[in-house]
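Below: one structure, written as structure tokens.
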Amino acid sequence: LQCEIRTKRFASSWVENHMSKSSKVREQLVQFASLIESDLKSSVKEAQRNKCNTSLGFAACAFAVAVVVIVHTGYKYTPIFFLALAESSTGEVDVEIRAGGWSGSSFLNYSRIVREMGIKQEFNYSSPRFTPKTYIMRHAACNLSRVDPFSDSEAYIGRPGVGCPECAAAFLDTCVARCCGPPTAVGLIIMDSEKERRMGRGRRWDLPPVPDNSVYVLREFGERVGIYPGDWITMSVDLGDYIRAVSAASTPVAPDAKAGTVLLAVQVAAFVSEPMGKFRIDDDAVVLAELAPLFHAAARRMHPQTPAAA
């Protein structure tokens, strides 16, 4: 009985204390709400009485907040802005490694570098590029009665007994150049599309890898020189340094000719409207080709007098 009475007293006391605390909290909230209401009314009256001062104060606060927001945003996003500006100017690449002039070579052995540095594939975010000296000639301007630009031999030495006798001497591209109009210098970029996609070079690039025996051409340049998707052109590509590096022959690739120049008949697969991070925004006369297919085609289309060792 005593235990039950004490329990009832304790419960009654706890309820009274709890209700007392709740009442105090309720009173404090009411007082606080009343105080806020009074302050708001006073502020509204003051604003109505001094409209000019209120407007100036509000404008000053808004200006201060705007300045802070602009400074903070600029501080936060300025590096991104300059990075985007640099990428649009030079392409979406962090570092380009080229052969030094002291090396006596115009290119580096990418496969050997990757192998000797022990770079694992999952951590390899790099890609090779080759930019040899290149000229193009339009097939639409060719005199087909004197030369067949698709012929492996006529493109270099002309059609026997028909004409273009000057093709057999001087430069390897003389025959096509004389029979297909003057050559136009271009900036050929030979790339590995899959490796560049993996490393993120050209994040907005929406074209597939360049098809075999084809190239992509910068639209502005193509329209200026009169070549369009579907047209055929012959590229005169100077692969002399590369051929001499991989060949056991120490003599020129072809006698009485520009060593290492290869003539490739290719089709314009598509126009490229803008760099999209693949090349510099101020690059002109850009032609893009795929690395492996181009070198396979070059091996089949070398000068007829090229030594077998090359």
Side-chain angles (χ1 to χ4, degrees), residues 91-92 107 110 127-142 144 147-156 172-173 175-177 179-199 201-239 242-243 260-280 283-303:
E92 294 174 356
F107 63 93
Y110 174 80
S127 177
R129 274 198 174 187
F130 196 40
T131 55
K133 187 177 181 180
T134 304
Y135 296 88
I136 64 169
M137 286 73 69
R138 299 185 304 121
H139 285 194
C142 288
L144 298 180
V147 64
D148 179 6
F150 293 100
S151 171
D152 292 347
S153 60
E154 288 187 22
Y156 291 99
L172 294 185
D173 59 351
C175 189
V176 173
C179 298
C180 297
T184 303
V186 299
L188 177 63
I189 299 176
I190 306 175
M191 61 183 181
D192 187 323
S193 294
E194 179 57 29
K195 281 188 170 63
E196 293 199 359
R197 181 199 62 77
R198 187 173 183 275
M199 69 178 284
R201 186 167 192 173
R203 292 186 294 272
R204 296 185 296 113
W205 184 259
D206 54 1
L207 292 173
V210 186
D212 293 357
N213 301 316
S214 302
V215 293
Y216 292 152
V217 176
L218 184 64
R219 178 185 295 275
E220 181 182 353
F221 167 70
E223 292 177 346
R224 187 170 69 247
V225 299
I227 56 176
Y228 299 90
D231 291 351
W232 284 87
I233 60 175
T234 288
M235 294 196 305
S236 173
V237 187
D238 185 3
L239 299 178
Y242 177 80
I243 294 173
T261 298
V262 179
L263 300 177
L264 300 174
V266 296
Q267 188 177 33
V268 179
F271 271 156
V272 178
S273 299
E274 56 180 329
M276 292 185 283
K278 281 290 186 181
F279 48 90
R280 295 191 301 269
D283 280 350
D284 189 18
V286 174
V287 175
L288 299 114
E290 204 67 34
L291 185 69
L294 184 136
F295 276 96
H296 290 159
R300 298 190 301 267
R301 286 272 298 189
M302 295 182 71
H303 194 282

Treating Arg201 as the side-chain partner and Glu196 as the backbone partner, does any N or O pair qualify as donor plus acceptor under 3.5 Å? no
So, taking the atom named OG in Ser151 and the one named CZ in Arg301, what distance separates them when rounded to the nearest 0.5 Å? 7.0 Å
Where is the tightest heavy-atom contact between Ile233 and Val215, given as atom of each residue plus distance? CD1-CG2, 4.3 Å
For the side chain of Ser214 and the backbone of Asp212, is there at least one donor-acceptor N/O pair under 3.5 Å apart? yes
Spacing of CZ belonging to Arg300 relative to CZ belonging to Phe295, to within rounding of 0.5 Å: 13.5 Å
Student check: side-chain heavy atoms of Met276 and Asp206 closer than 4.5 Å: yes
Would a 4.5 Å heavy-atom cut-off, applied to side chains only, mark Cys142 and Met137 as touching? no
Taking side chain as C-beta onward, heavy atoms only, is Leu218 less than 4.5 Å from Asp283? no
How long is the straight-line distance from CG of Leu239 back to CG of Leu264, given to the nearest 0.5 Å? 7.5 Å
Could you please spell out the steps behind the side-chain contact (heavy atoms from CB on, under 4.5 Å) verdict for Arg197 and Glu194? CA-CA 5 Å; Arg197 181 199 62 77; Glu194 179 57 29; 2.6 Å; yes
Is the shortest side-chain heavy-atom distance between Val217 and Phe271 below 4.5 Å? yes
Keeping Gln267 on the side-chain end and Trp232 on the backbone end, is there a donor-acceptor pair under 3.5 Å? no
Side-chain touch Val287/Thr134, heavy atoms, less than 4.5 angstrom: no
So which atom in Asp192 and which in Leu291 form the shortest heavy-atom distance, rounded to 0.1 Å? N-CB, 4.4 Å
Asp284/Phe221 under side-chain contact (heavy atoms from CB on, under 4.5 Å): CA gap, chis, key distance, verdict: CA-CA 7 Å; Asp284 189 18; Phe221 167 70; 4.2 Å; yes
So, for Ser273 and Arg219, which heavy atoms are closest and what is the spacing to 0.1 Å? OG-NE, 3.3 Å
Write down the atom of Tyr135, the atom of Pro183, and the distance for their closest heavy-atom approach. CB-CB, 3.8 Å
Smallest heavy-atom separation, Arg129 atom then Met191 atom, equals NE-CB, 4.1 Å
Please examine the side chains of Pro132 and Ile190, heavy atoms only from C-beta on, and report whether any two atoms are closer than 4.5 Å. yes
Can you confirm whether more than 12 heavy atoms, excluding those of Glu220, are under 6.0 Å from its CD atom? no
Side-chain contact, heavy-atom cut-off 4.5 Å: Val286 with Val272? no
Quick one: closest heavy-atom pair of Pro209 and Tyr216, and the distance? O-OH, 3.6 Å
Which value, rounded to the nearest 0.5 Å, describes the distance between Leu288 atom CG and Phe279 atom CZ? 6.0 Å
